[in-house]
Amino acid sequence: QKAKIDALLHLADDSLIMGHRCSEWCGHGPILEQDIALTNIALDFVGQARNFYQHAAALLQQLPNDMALALADFDITPASITEDSLAYLRNANAYKNHLLVELPNGDWAQTILKIFFFSNYRQILFQQLLKNSDTQLAAIAEKSLKEIQYHVKWSGEWVMRLGDGTDESRERMLKAIDYLWPYVGEFFNCTEYEKTAFELDDTSIDLLKQTWLNTINHTFQLATLPEQTFGKWYQSGGKLGIHTEHLGYILAEMQFLPRTYPNAEW
Amino acid sequence: QKAKIDALLHLADDSLIMGHRCSEWCGHGPILEQDIALTNIALDFVGQARNFYQHAAALLQQLPNDMALALADFDITPASITEDSLAYLRNANAYKNHLLVELPNGDWAQTILKIFFFSNYRQILFQQLLKNSDTQLAAIAEKSLKEIQYHVKWSGEWVMRLGDGTDESRERMLKAIDYLWPYVGEFFNCTEYEKTAFELDDTSIDLLKQTWLNTINHTFQLATLPEQTFGKWYQSGGKLGIHTEHLGYILAEMQFLPRTYPNAEW
Amino acid sequence: MDANKLAEQFQQKIDADIKIEPQDWMPDEYRKTLIRQISQHAHSEIVGMLPEGNWITRAPSLRRKAILLAKVQDEAGHGLYLYSAAETLGITRDEMYYQLHSGKAKYSSIFNYPTLTWADMGAIGWLVDGAAIMNQVPLSRCSYGPYARAMVRICKEESFHQRQGFEILLTLSKGNAAQRKMCQDAINRWWWPSLMMFGPTDNDSPHTAQSMKWKIKRFTNDELRQKFVDVCAEQVKFLGMTLPDKDLKWNEERKHYDFGPINWEEFWNVVKGNGPCNKERLATRVQAWEDGAWVREAALAYEEKKSARKYA
Amino acid sequence: MDANKLAEQFQQKIDADIKIEPQDWMPDEYRKTLIRQISQHAHSEIVGMLPEGNWITRAPSLRRKAILLAKVQDEAGHGLYLYSAAETLGITRDEMYYQLHSGKAKYSSIFNYPTLTWADMGAIGWLVDGAAIMNQVPLSRCSYGPYARAMVRICKEESFHQRQGFEILLTLSKGNAAQRKMCQDAINRWWWPSLMMFGPTDNDSPHTAQSMKWKIKRFTNDELRQKFVDVCAEQVKFLGMTLPDKDLKWNEERKHYDFGPINWEEFWNVVKGNGPCNKERLATRVQAWEDGAWVREAALAYEEKKSARKYA
């Protein structure tokens with residue numbers, strides 16, 4: 001059960017922090033239509049986060065209260081375990097998102113590349129989850145996949161536009177790759193809770209990894225961007241609660257109101 | 001008594017938010033010696049904030065608890081009224097600092113110009129406070145004046161260096177003046193609580209205003225910067241708790257820990 | 001056909017409630033007035049994303065966050081319809097942006113006030129969107145077809161937003177003391193600027209007569225403002241809050257609420273650019289536009305390469 | 001006098017504990033080693049401002065905020081003394097910055113770890129400053145005069161910082177459950193990197209012998225590390241916390257604590273630039289330097305104008 005809860009919180013945290021970063025663009029995009037598209041993606045992520053948090057909350061509510069509080073790793077005792085208490089009353093070191101998703105937005109190149117890497121990863125992971133023995137998890141994955149397909153397509157098109165656009169856009173893409181690549185290894189450095197809850201073994205993880213890399217390189221080729229390989233080393237820790245210095249600031253801003261009035265209704 | 005408390009909190013909030021903004025430079029200054037100088041100024045402001053909050057807390061502790069809580073305008077009930085609860089457990093709309101001090105740092109020109117405007121204002125105000133009937137307030141003012149004299153000198157020298165430095169630095173100073181000038185009018189738009197607690201009337205305020213303007217223009221002349229005059233219109237509201245959108249972010253970051261654990265000792 | 005004749009036929013169509021369409025003849029002044037009004041309206045939607053966007057990352061629940069995101073997205077969408085409607089009159093979106101960024105075009109002054117607490121999301125929905133709807137519903141019967149059709153769609157979404165805003169305030173009004181205080185404070189700050197959204201009093205609004213004749217405007221500023229006051233004075237009772245106007249009271253004779261004098265000095269001051277956030281709002285838009293230049297160039301270069309390849 | 005003779009006299013002075021001063025003759029290698037060591041040390045102070053600077057705006061009490069500000073300011077001051085000491089050896093501060101910014105010069109790898117909670121401010125003070133003091137106290141008797149004198153002053157301030165850090169942890173250890181957890185978590189994350197601060201094991205540290213002969217180094221890495229472990233293993237008991245090493249236990253025979261193997265792979269990986277924050281720390285310094293270019297130019301231009309006026 002612990003693995004299941006950890007894995008759901010991991011999925012929820014990934015979605016919420018992705019949504020948070022994407023939403024920072026709202027009103028600041030380079031093109032009105034793209035501002036709308038990116039806000040829509042932010043909305044999809046927040047929606048996915050809610051589904052995962054709600055599922056986790058439902059499971060936690062069935063457990064003895066003490067055990068549930070410990071499993072969710074709250075740092076204060078919430079009035080009840082809900083999607084909101086899970087999002088707003090856990091500290092950075094209880095958050096289990098990938099380091100990649102909490103990195104600053106940077107410019108448009110860095111933002112769309114992050115979405116491109118992440119949504120391709122999500123796509124192949126969620127295809128796996130379709131046959132998960134937790135039918136609720138499988139159902140959320142199925143629902144999310146429709147949105148993710150759009151994220152994959154949208155971000156892939158932008159990778160091509162920027163990679164094969166102007167000298168400047170290409171330069172910015174190369175810089176973005178340089179900055180983000182050390183963080184993608186963490187996708188496939190699976191924790192025990194992921195293996196258990198997502199029903200993965202080392203072979204299937206390796207397959208996901210290869211599939212992901214091939215997909216990325218396929219688009220990169222079309223975008224005239226250099227082929228990537230996995231190095232031996234990469235940044236990790238987020239899935240176990242050891243984050244970058246950025247997450248603390250995200251949460252300070254995001255959680256401010258519920259922290260101030262922990263039992264209020266909004 | 002309300003005027004006294006409001007005025008002390010106003011002085012404390014001004015100091016704390018100035019200190020906060022100055023401290024954001026720490027480790028990012030253009031010259032190591034100046035990084036040290038600015039950190040020192042931040043430290044002076046935090047120290048002044050503590051003196052004012054402590055004095056306010058001491059006065060509040062002598063009042064019936066209900067009245068004290070209402071006067072300080074806490075949005076949650078703190079375990080006790082201390083310098084820390086006054087700093088960390090009041091919302092933006094209870095904060096009484098000038099709008100000027102919460103504005104973003106911008107570049108070095110904007111930062112030093114803000115310190116220049118503010119410390120010259122503080123200098124003439126605190127000289128008034130030396131003879132205040134609240135001897136504790138007068139004592140804090142006296143102690144602070146030594147620090148403020150240094151802030152005045154340091155920032156004035158930088159105004160000259162940048163105003164009369166290179167074309168770029170001059171351009172940046174002009175831009176900084178343009179950005180900050182609409183906020184200096186609030187210094188001399190005195191609230192009732194300031195008039196009462198600082199023992200000022202319209203004539204003395206007008207005198208302060210003229211003195212301040214002359215001082216600024218004197219340095220501006222040396223710095224080959226254009227002479228300034230007060231317009232009819234200026235930004236205000238901070239002293240009555242109506243702030244810019246920036247203060248909320250400052251407080252979300254600053255207050256995060258005490259908001260999360262409101263009764264903890266640190 | 002001579003110009004007088006055309007103008008006569010034009011006015012006849014309008015009088016007969018026949019919509020004017022882009023390819024139809026129209027007087028220059030009609031075209032100019034519409035371009036100014038529609039683009040100003042479009043800019044208001046785009047600039048209006050900023051004060052609410054300011055609270056997306058700080059929304060206090062996931063549900064509220066999602067609703068707010070969707071709302072701000074809708075505003076971007078409204079901007080898009082309106083820019084398209086204006087384009088049918090022979091101006092490009094880039095020209096309109098240029099007018100906004102250079103300060104030549106205006107946008108609704110209400111967005112030059114800061115959003116200071118979460119309750120402002122409620123007050124904006126209830127009061128600002130409420131006032132907007134009051135202004136806009138008549139516009140969905142306006143004489144220019146593309147504008148009228150855009151308005152139909154926009155008004156439907158706006159009234160949804162208004163209900164959501166009211167619900168935010170209702171929740172706060174039933175909350176703890178700090179939440180109730182936050183609620184009243186937001187109403188206090190947004191009430192008068194909302195009344196100003198209807199524009200100057202009829203005496204100071206010289207173009208009203210012509211606009212009404214052209215059916216670009218269907219009620220005077222003061223008529224709409226009175227209607228808005230009457231509605232809000234009733235709704236605020238559901239919140240258990242008050243409107244910050246000591247002169248507000250029901251006038252049995254007029255069958256309307258009387259209300260206190262509006263601070264027109266503040267209104268004109270904000271219009272002139274001296275509102276609390278004018279500089280920042282415009283600077284934010286200009287920054288977004290300038291930061292996006294390389295992105296737009298890249299997208300263009302890529303399209304050109306792609307079509308070159310296609311026909312190569 | 002020939003070079004051999006000079007080298008001999010130089011070594012005699014060192015053996016007699018007579019300080020070498022800037023104007024004295026010294027072997028090239030001695031000079032180079034010192035420049036490398038002192039500038040690396042100076043860079044560590046400057047880069048070391050960043051992880052702690054990260055918590056100034058979020059310090060949980062005004063007293064702690066003031067203490068932390070003062071501490072980071074002290075670090076800048078240490079950087080200043082050390083750059084000055086290095087300058088006496090014939091290198092400018094700008095050259096040293098260039099080496100740092102281009103990645104040629106190193107700084108202590110410990111600052112490539114992130115500060116994730118307030119408790120990290122305590123752990124850095126107790127463990128990181130503690131390890132630094134252990135390394136630096138012997139350096140205050142080092143053979144090069146300016147470096148030794150800078151060290152005396154630095155060590156005095158560092159031990160003050162260390163006590164403050166320990167006091168942060170002590171307060172947390174007596175606090176609520178979340179604070180105690182935060183305290184243990186910080187110790188867990190900072191313990192092993194602190195042990196790595198003493199550098200590779202003596203077997204992998206080929207320059208140690210020469211440095212000891214020159215009295216630039218007075219103890220080996222492993223000696224200092226053992227001393228540090230012995231002290232911390234006792235101090236942690238006052239906190240009611242544990243060090244994250246299951247092999248840690250008192251060895252009655254050696255009269256020392258035994259401790260588990262250090263992850264040297266991690267150590268070299270971080271040294272190579274792959275630590276969690278290497279890129280960001282360096283990028284932050286470079287950015288500060290580049291953003292400051294116009295300020296430095298303006299200050300210079302102003303000084304030139306001023307002295308031109310003076311002599312005009």
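Order of the sequence lines fixes the chain letters, A, B, ..., with proteins taken first and strands second; residue numbering starts at 1 for each chain.
Annotation for Glu245(B) and Leu116(C): closest pair N-CD2, 4.2 Å, computed over non-hydrogen atoms. Annotation for Arg58(C) and Gly248(B): closest pair NH1-C, 3.7 Å, computed over non-hydrogen atoms.
Surrounding CG of Asp167(B) are at most 12 heavy atoms belonging to other residues, nucleotides or ligands under 6.0 Å away. No more than 12 heavy atoms of other residues, nucleotides or ligands sit less than 6.0 Å from atom NZ of Lys175(B). A 6.0 Å sphere centred on CG of Asp66(B) holds no more than 12 heavy atoms belonging to other residues, nucleotides or ligands. Within 6.0 Å of CD on Gln228(B) lie more than 12 heavy atoms contributed by other residues, nucleotides or ligands. More than 12 heavy atoms of other residues, nucleotides or ligands sit less than 6.0 Å from atom CZ of Phe230(B).
The contact list for residues 84-101 of chain B toward chain C, using heavy atoms and a distance under 4.5 Å, reads Asn93(B) by residue number. Among residues 259-266 of chain B, no residue has any heavy atom closer than 4.5 Å to a heavy atom of chain C.
Residue contact with chain B, scored on non-hydrogen atoms closer than 4.5 Å, is absent for Gln179(C). Looking at Asp185(C), only its side chain comes within 4.5 Å of chain B, counting heavy atoms on both sides. Residue Tyr234(B): no heavy atom, backbone or side chain, is found under 4.5 Å from chain C.
Under the rule for a side chain to side chain donor-acceptor pair (under 3.5 Å), Trp289(C) has no partner lying at least two apart in sequence or in another chain. Here Glu253(B) pairs with Thr57(D) under the side chain to side chain donor-acceptor pair (under 3.5 Å) rule; sequence neighbours left out.
Residues Lys272(C) and Trp233(B) are not in side-chain contact: their nearest non-hydrogen atoms beyond the backbone lie 4.5 Å or more apart. In this structure the side chain of Ile242(B) never reaches within 4.5 angstrom of the side chain of Tyr113(C), judged on heavy atoms.
In terms of modelled atom types and a separation under 3.5 Å, the side chain of Gln235(B) and the main chain of Cys277(C) share no donor-acceptor contact.
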